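Since the structure comes first, as C-alpha cells, the remarks are kept for the end.
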Amino acid sequence: MDELDKIQQLEKHSRLLEPEDNTRTYWQTQTNAYAESFIHKRNTRKAYEDSSDNGLGLLDSPIEENPLNIDEVLKLVEKSIVPPGIDLTSSRHFGYIPGGGLYPSALGDFLAAVSNKYASNFFASPGSARLENQLIRWIADLMGYPETAAGNLTSGGSVAHLIAITAAREAYQLKAKDYHRVVIYVSSQTHHSVLKALTVAGMREAEIRYIPVDKAYHMQTAQLPAIIDDDRKKGLLPFMLVASAGTTEVGAIDDLDTLADVCEHNKVWFHVDAAYGGFYILCDEVAAKLKGIERSNSFVIDPHKGLFLPYGSGTVIVRDRRHILAANSYQANYMQDALQDEELEPASLSPELSKHFRGLRMWMPLKLFGLKPFRAALTEKVYLAHYFYKHIQQIPGFEVGPFPDISVVLFRYVPSEGDVNEYNRALVKALLKDGRIYISTTTIEDNYYLRLAVGVYRTHLEDVELCLQILKEFTAKA
Ligand SMILES: *Cc1c(COP(=O)(O)O)cnc(C)c1O
C-alpha cells in the first residue's frame, strides 16, 4: 500500500471521531433523558445505596477496539456508576461537607468541553482567562481583600492549600535547608489536607505545633504569643499559622481577628482554611464570625461546598500576588507568542498548565440564578442546623456538641446502659442499611460522634424532619 492509500485508509477510521449531526443529537437526547430521569427520581432514591455491584459491572466491559452504542453506555452508567455509594446530590445527604451539585454547572462543563477553551492562557482564550480572574476578584472582594490579591480556581481545597503554602514559602524565601527549623501552627481540628499539602511541598520535617482548642473546638489564642516566643527562643522559625473558618468535623470558626493580631505582631503568615465556611460570609448570621479573614495572607475556599457546585472546584487567593506568582510562574520558549501583561495568566498561579476551564461551571449558576438564592440557601442551612440542634435534644437519650457556628451539628446517643461508642457505631450501621438518610461520623478525644452537616442546596425542613424522625425510630428501643 502506498503512502496516500495508507493516509486515506486511516482518515476513514479517524473520521469516526467526528459524529454525524444526527448521531450527536441522538447521544445528546439519550444522555439528557437519563439526566432528567436521575433528577426526577431524587426524592425516591436512597441517600446511601449499598449495591452488590459496587462498580464491578464496569469490569465486564473492558476498553476494546470496537464501540458500544449510547444506550449500552448509559446502561453501564445507570448500573455501576451512579447508584452505588452515597447519593451526593440527595437532599438527605448530611455527611462530610455536602454541596449537591448545581445543574447549570453541568451546562457550563458541557460548554467548556465543547468549546475546549484553554483557560490557562490569556492569548489562547482571553475570555476564559478574564472570566476566571473576574470570579477570583469577586471572591477576593467578598472577603475584603485588596487589589494586590491574586488566586486560582483549583480542583479543590487540597490543591488550593498546596498553592498557598508554596506562596508563603516564597514570601519567606525558605529553602530546603530551613525546613527542619520551620514551625507551622495548627489545631487538632485543622483539616488533614493542610498536612498533606505540607508533605507534597516537601516540608514534612517542619515542626507542626498543635495549639489546644477550647470547648467549642476553636483554636485557643491566649497562650499563642508565648508559644511562638518560645519557639523563636529555641532558634526555630515561626512561619505559618493555619486558622479554620469552619472546621470539617464540627464547623468551628476560629477567632480570626485575634489570630490576625498575633500573626501580624509575630510576622507569621496567616492562612485561613475557609474551604467549608467561606461562602457563608453571604449570610448575615455568619458574616460577623468571619471578621479577620480580610487580614489574612492567604485563604482557601471551596465553591463545591459553599456555592453548591459539583466536585472539582476549589479556590486559593493570596493577598500579595507576587508570592503566588513567584511559586508558579514559568516561561517556555515555545510559548513566547503568548506573553502579555493585560491579565494574569491562570497557568502562572497554579502548578497546572493545561487544565479544565473551571470558571464556566461556577459562572453559569451565578449568572442564571443571581446571588439572592445563594444567600437564602446558605442562611436556610444555618437555620436548619439550629433547628436540628434544638430538636435532637428533645429526643430522650441524645446529647449534642457545641452550638453550631455554621451548619454542622455534633451529636450522639447515650443509651441507658452499655458502651456509648459501640451503640453509636451500631446506630450508624443501621442508618446506612436503611439508606434513607446519610450521616457521617467522627471521633473526638475517643468519643464517637455522629455529625449532621446541612449543606446540600436542596435540603429543606422536610429533610431535617425526616432525619429527626428516623433517629427517633432507630433509638426508641434502646
Ligand atoms: C473539604 C475541606 C478541605 C479539602 O478540600 P477538598 O476540596 O476536598 O480538596 C479542606 N479544609 C476544609 C475545612 C474542608 O472542609
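The model shown is predicted, which means the values in this text are computed figures rather than measured ones.
Look at D53 and K79 and you find a salt bridge, because one of the NZ, NE, NH1 or NH2 atoms lies within 4.0 Å of a carboxylate O, short of that distance. Ionic pairing of R358 and D109 is not present here: no N-O contact between side-chain nitrogen and carboxylate oxygen is shorter than 4.0 angstrom. Between E264 and K267, none of the side-chain N atoms (NZ, or NE/NH1/NH2) sits under 4.0 Å from a carboxylate O, so this pair counts as no salt bridge.
Under the side-chain hydrogen bond (donor to acceptor under 3.5 Å, both in side chains) rule, S91 has a single partner from N43, D463, T459, which is D463.
Counted by atom type alone, Y457 and E380 present zero donor-acceptor pairs between their side chains at under 3.5 Å. Side-chain contact of E473 with Q469: a donor-acceptor pair under 3.5 Å is present, judged by distance alone. Using modelled atom types, one finds no donor on one side chain facing an acceptor on the other under 3.5 Å when comparing S348 with N328. A donor and an acceptor atom, one from each side chain of S296 and Y145, are located under 3.5 Å apart. Using modelled atom types and a 3.5 Å distance limit, the side chains of S440 and R451 yield a donor-acceptor pair.
At distances below 3.5 Å, at least one donor-acceptor pair connects side-chain atoms of H93 with backbone N or O atoms of G95. A donor-acceptor distance shorter than 3.5 angstrom exists from the side chain of D214 to the backbone of A216, with no hydrogens or angles considered. Put simply, the side chain of R137 never gets that close to the backbone of E132: no donor and acceptor are under 3.5 Å apart.
Aromatic ring centres of F388 and F411: separated by under 6.0 Å. Separation of the Y413 and Y423 ring centroids falls under the 6.0 Å cut-off. Aromatic pair Y276/H191: centroids not less than 6.0 angstrom apart.
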